[in-house]
Number of protein chains: 4
Amino acid sequence: MKKNKPKYMQIIDAAVIVIAENGYHQAQVSKIAKQAGVADGTIYLYFKNKEDILISLFEEKMGEFVEKIEEKIAGKVTAEEKLLMMIETHFQLLSDDHHMAIVTQLELRQSNKELRLRINAVLKGYLQVIEKIILEGKETGEFSSDLDVRLARQMIFGTIDETVTSWVMNEEKYDLLALASPVHRLLIDGCGKR
Amino acid sequence: MKKNKPKYMQIIDAAVIVIAENGYHQAQVSKIAKQAGVADGTIYLYFKNKEDILISLFEEKMGEFVEKIEEKIAGKVTAEEKLLMMIETHFQLLSDDHHMAIVTQLELRQSNKELRLRINAVLKGYLQVIEKIILEGKETGEFSSDLDVRLARQMIFGTIDETVTSWVMNEEKYDLLALASPVHRLLIDGCGKR
Amino acid sequence: MKKNKPKYMQIIDAAVIVIAENGYHQAQVSKIAKQAGVADGTIYLYFKNKEDILISLFEEKMGEFVEKIEEKIAGKVTAEEKLLMMIETHFQLLSDDHHMAIVTQLELRQSNKELRLRINAVLKGYLQVIEKIILEGKETGEFSSDLDVRLARQMIFGTIDETVTSWVMNEEKYDLLALASPVHRLLIDGCGKR
Amino acid sequence: MKKNKPKYMQIIDAAVIVIAENGYHQAQVSKIAKQAGVADGTIYLYFKNKEDILISLFEEKMGEFVEKIEEKIAGKVTAEEKLLMMIETHFQLLSDDHHMAIVTQLELRQSNKELRLRINAVLKGYLQVIEKIILEGKETGEFSSDLDVRLARQMIFGTIDETVTSWVMNEEKYDLLALASPVHRLLIDGCGKR
DNA sequence: GATGAATGAGCATTCATTCAT
DNA sequence: GATGAATGAATGCTCATTCAT
């Protein structure tokens, strides 16, 4: 519905660019409006307030993100393959979108606690995808049957997130996508010798 | 030098309390001064500016943190034992200090990018402890010899951090310390069946 | 001319309702348009600007007001009777129209100085009715021959207005109409004992 | 207490000047600060917000006003003399203070309903002075024993207020003080011939 | 005539930092 | 060293008005 109004996405896309290039605290509404090519007041025809832009940004982009990952892993059979595809797609999408990588890994984290709680609600969708893979893996016997699902999910998400953040903080100097396979190996096998 | 001056730590301790109880964005210098029992201006006799308080806070507290962990793991022999002790101590220290848990996991993350980069520099000390354990594990043959040290470090830190953050966000409803052993298991063994 | 166009009065009536129910400063043009069942832009086909709505509102409503009072007092012979009828009609009309009472006594007073000056020009018509009664009273000998007409007019208008305002501010808790006779007595006799 | 702080009254006096010269809606905080010779932020060391300046202004000035009137009428014996002195003092004080006359009669009336209600609370003090005179007059037999005190008070206040407002709206072209006696006469004698 | 999406000027308030005492 | 009163830059949001359809 909202998405049919071209200015809605236009403003969200502008927000991503402005936040990525100026930082969260320097992303004034007027700057976003200018980048979007609309008047300041127009922003408020599509968003309740500034925070609403950021939440919507996250919802829209994270929605696409999860959707694309789900599409990709749908074609895979084993939990292990699905996990690999998930990591690869995650790394691929952020490698392809420099601005979003900065915004999600660095800038949006400095939003206030309340906004972060709402962002976490959006993240739930992603965490559920991870949990589903873990459960499947346990059922098929690929994964250890006494695996604590919540902890495993935290390990997987925490590792992926930390890997991407490190990469962004190192100014994306190396190939993130190349890390997908070793990270996957690590998550499956752990540090221990087998 | 600075540390000999009693007001230095007094202000840092006040900052922890004020940030934990009011949130990062509601932690005005005047509030910290009041909590510390000094005048606003006095702050500036000990710290260059507000950011300097936060960096110093992190340096002092993280310094203690790493020191305590190093002491604890010094008594352990194998890398596996050291890793377990590290996780246990990490969880223990934050379980014991409600204020610091909130400040490090939630509040300080909403500082600006520059401050976070400096905080990361402080974190280096902790990451080196992790790396040293990994290297030792590889040398002794406990850990896989083709383990990528940086990735393993990111997995270990990412998993621990995500676990603590989840715990704080869930209002510390469950026993964090009890998770040390399963998290340790997970990091050593991974998700896969053995 | 304008008055033949049905939307003209439709918008004015909407303005009365919106101002009475939301207050002067919350009576946005868009709200008036919505209440009138027209588009925002349509307002500007009938009124030059927002101020013009308010002035027109006052002119139209005050015009009716004075007209009705003049009709009523036309049937009376003595100045004293005319004054009583005027007060009674004034009180009656505002008692009957809750919205107008609020708008004229409370809300329209918080318009800016310029608008209030224009409103005063409209009030002239009413003040002239009062003056005519005073002059008649002086001629027939009912009123003191050395009565200062302007001052007497200010007393009469000021007293009536203050009485109505008090009544509106007290949320119209008592019967305003019942005060017509004593107010009239008061204005005729003054405070002095005779 | 507050009044000992010189800047408190300095800011209030500045507000009177700025409002009188620019109008209520053009009296920005920064303009008041500039007129007072302080920084914008300093205002907020002495007042909670802009509205607080206006309420305080009214309280301080009205307080002085009522005080002076009470002093003046204290020396008078009869109710009639007290009423005259009250009117004279009222007219005198506003004649002497051009800015306050504009502010109280025109500008402050366009404040929002809530502020006006608070202003009315302050006015209570003045209305009580009037009521006391009326009651005294009734007791001594100067005034009619069946005088409705509330209505009489509304007549007296309404007449005085309307007279002053008319004078201010006519740009203070004539001598307000000269009207004290005839207004007094009018209020005492009423319009009726004796 | 009627619409309603788009415009953009304007302002109260906070708070890190300074500096005279 | 310690104080705390004073500073002033910086910004999200509203709403009367326009004008292309």
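Per chain, numbering begins at 1; letters A, B, ... match sequence-line order.
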Rounded to whole angstrom units, what separation is found between the [atom1] atom of [X] and the [atom2] atom of [N]?
X: C:Lys31; N: E:dG4; atom1: NZ; atom2: C1'; result: 18 Å
X: D:Lys34; N: F:dG8; atom1: NZ; atom2: C1'; result: 13 Å
X: D:Leu54; N: E:dA12; atom1: CG; atom2: P; result: 10 Å
X: C:Ile53; N: F:dA16; atom1: CD1; atom2: C1'; result: 10 Å
X: A:Lys50; N: F:dT14; atom1: NZ; atom2: C1'; result: 17 Å

For B:Asp40, enumerate each residue passing the salt bridge (charged side-chain N to carboxylate O under 4.0 Å, His left out) test, keeping only those at least two apart in sequence or located in another chain.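 Counting only residues at least two positions away or on another chain, B:Asp40 forms no salt bridge (charged side-chain N to carboxylate O under 4.0 Å, His left out).
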Can you tell me the base-pairing partner of F:dA6? Count Watson-Crick or G-U wobble geometry only, both distances below 3.5 Å, and say none if there is no partner. E:dT17
I want to confirm an ordering. Mapping A:Glu51 and D:Gly41 to their closest nucleotides on DNA chain F, which one lands closer to the 5' end? D:Gly41
Heavy-atom nearest nucleotide on DNA chain E for D:Asn49 versus B:Val29: which residue maps closer to 5'? D:Asn49
Most 5' of C:Leu45 and D:Thr42 on DNA chain E, judged by nearest nucleotide: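 Per heavy-atom nearest nucleotide, the more 5' residue is C:Leu45.
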Looking only at the side chain of D:Tyr44 (C-beta and beyond, no hydrogens), which of the listed nucleotides E:dT7, E:dT14, F:dC15 gets closest?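 When the side chain of D:Tyr44 is considered, E:dT14 is the closest of E:dT7, E:dT14, F:dC15.
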Among F:dA5, F:dC15, E:dT7, the one nearest any side-chain atom of B:Asp40 is F:dA5
Determine the interplanar angle of the D:Phe47 and D:Tyr8 rings, folded into 0 to 90°, and report it as parallel if under 30°, tilted if 30 to 60°, perpendicular if over 60°. parallel
Option passing side chain to side chain contact (heavy atoms under 4.5 Å, CB included) with D:Ile43 (candidates D:Ile53, D:Asn49, D:Asp52):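 With D:Ile43 as partner, D:Ile53, D:Asn49, D:Asp52 yield a single side chain to side chain contact (heavy atoms under 4.5 Å, CB included), made by D:Ile53.
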Could you walk me through whether B:Val103 and B:Lys61 pass the side chain to side chain contact (heavy atoms under 4.5 Å, CB included) check? CA-CA 11 Å; B:Val103 169; B:Lys61 296 300 183 181; over 6 Å; no
Phosphate OP1/OP2 of E:dA6: any A:Tyr46 side-chain N/O under 4.0 Å: yes
Below the 4.0 Å mark, does F:dA2 have OP1 or OP2 next to a side-chain nitrogen or oxygen of B:Lys7? yes
